[in-house]
> 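Dropping the structure in here first, questions after.
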Amino acid sequence: MTTGPIQFTLNGEPRELPDGLTLLQLLEHFALDPRAVVVERNREIVRRPALAETPLKAGDTIELVHFVGGG
Amino acid sequence: MVAEVSVQDIPFAIGGRTFQSRLIVGTGKYRDNATMVAAHAASGADIVTVAVRRVDLDRTKEDGILYHVDPARYFLLANTAGCYTAEDAIRYARLAREAGFNEFIKLEVIGDQQTLLPDVAELLSATAVLVKEGFQVLAYTNEDLVTALRLEDAGCAAVMPLASPIGSGLGLLNPYAVRTIKHRLSVPIIVDAGVGTASDACLTMEQGVDGILMNTAIAEAADAVGMATAMRYAVSAGRLAFLSGRMPRREVAVPSSPVTGMLA
């Protein structure tokens, strides 16, 4: 069964992607190295080993953060 | 650099880890990454600070700092810069720890946008939570002794009073207060923010504090690598002067040359 794209919020912006992706596949979609990014889903951190098992769901609020320059 | 020094220093240890350099440097505001990399090397620092921010998903460049700071060479100290509540700071600290480098956090909870002075009530409450979660908390605070004592009681690994407001370059505005904090607390005291040039760093270290954290003074210098080198010397010189014990201040002149044996 195919379903339409799902809507979710990524780093504060509304986004659409096909249903059925995992969070690891979300990172791959944006060509992000999972070792260099921390993922927060609905205000809870998703640890790296769990990314491949955690589905991206409609309505999710996802934050992808990393280290940048700072003092 | 400093050769044949007879004065023995104690190790610079924070939260059970020992570092060689007492100078901690930031990674923000450099004109380009190559300058930052060269400045870091020139500073001799072992610890560099980083911030936690959203990934730029429309990347035109590799903006992650780890492309330019080698975590095998530098100890990464993540900050909670830009957080105005304990809740936000705790969230950022947890994200930073999840990045997987260490459990140290430079805890900043800002209370005022103009001065970037800390909100000490929020800072104390965030400290209590993070210490309980096993973080080594290095708390950015003002130069108030009582706040510093409370932060130590709350379990901070280090207390970081400011020299003057973040990015101001005004230097050490209240040496007495910083010295008092150093005298009264047992945890390391690292002055964070406000140093503008090498003499500020030297004067700060002469108060007996354990280290200095700076970013803008190096990043915004006309020659960042030159200033990083100057800061390295200044921190060493100030530390050595402190350990060597300065002469007393006198209100009268005392001649340095013999007063006898003058020609008739």
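Each chain gets a letter, A, B and so on, in the order the sequences are listed, and its residues count up from 1. All of these numbers come straight from a predicted model, not from anything done at the bench.
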> Verify the neighbour count for atom CD of B:E87: are there more than 12 heavy atoms of other residues, nucleotides or ligands below 6.0 Å?
no

> Does A:E40 reach the side chain of B:L95, with side-chain heavy atoms less than 4.5 Å apart?
yes

> Side chain, backbone, both or neither: which part of A:V37 has a non-hydrogen atom closer than 4.5 Å to chain B?
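For A:V37, the contact with chain B is made by the side chain alone.
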
> Please round to the nearest 0.5 Å and tell me the distance separating atom CZ of B:R54 and atom CG of A:L10.
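Atom-to-atom, B:R54:CZ and A:L10:CG are 8.5 Å apart.
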
> Examine whether an atom of A:L64 lies under 4.5 Å from a heavy atom of chain B, and if so say whether it belongs to the side chain, the backbone or both; otherwise answer neither.
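Both parts, heavy atoms under 4.5 Å.
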
> Just give me the residue among B:A99, B:A78, B:A193 that pairs up with chain A most often, heavy atom to heavy atom, under 4.5 Å.
B:A99

> Side chain of B:K106, backbone of A:G71: donor and acceptor closer than 3.5 Å?
yes

> Nearest 0.5 Å please: distance from the CZ atom of A:R35 over to the CG atom of B:L66.
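So the gap between those two atoms works out to 11.0 Å.
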
> For A:V68 and B:R53, work out which heavy atoms get closest and say how close.
CG2-CG, 3.5 Å

> Could you look at B:F101 and say if it's the side chain, the backbone, both or neither that has a heavy atom under 4.5 Å from chain A?
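When you check distances to chain A, only side chain atoms of B:F101 fall under 4.5 Å.
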
> Could you tell me the separation between the CG atom of B:L57 and the CG atom of A:L32, rounded to the nearest 0.5 Å?
6.5 Å

> Should the heavy atoms of other residues, nucleotides or ligands under 6.0 Å from CD of B:Q20 be counted, would the total exceed 12?
no

> Under a 4.5 Å heavy-atom cut-off, does chain A meet the side chain of B:I166, its backbone, both or neither?
neither

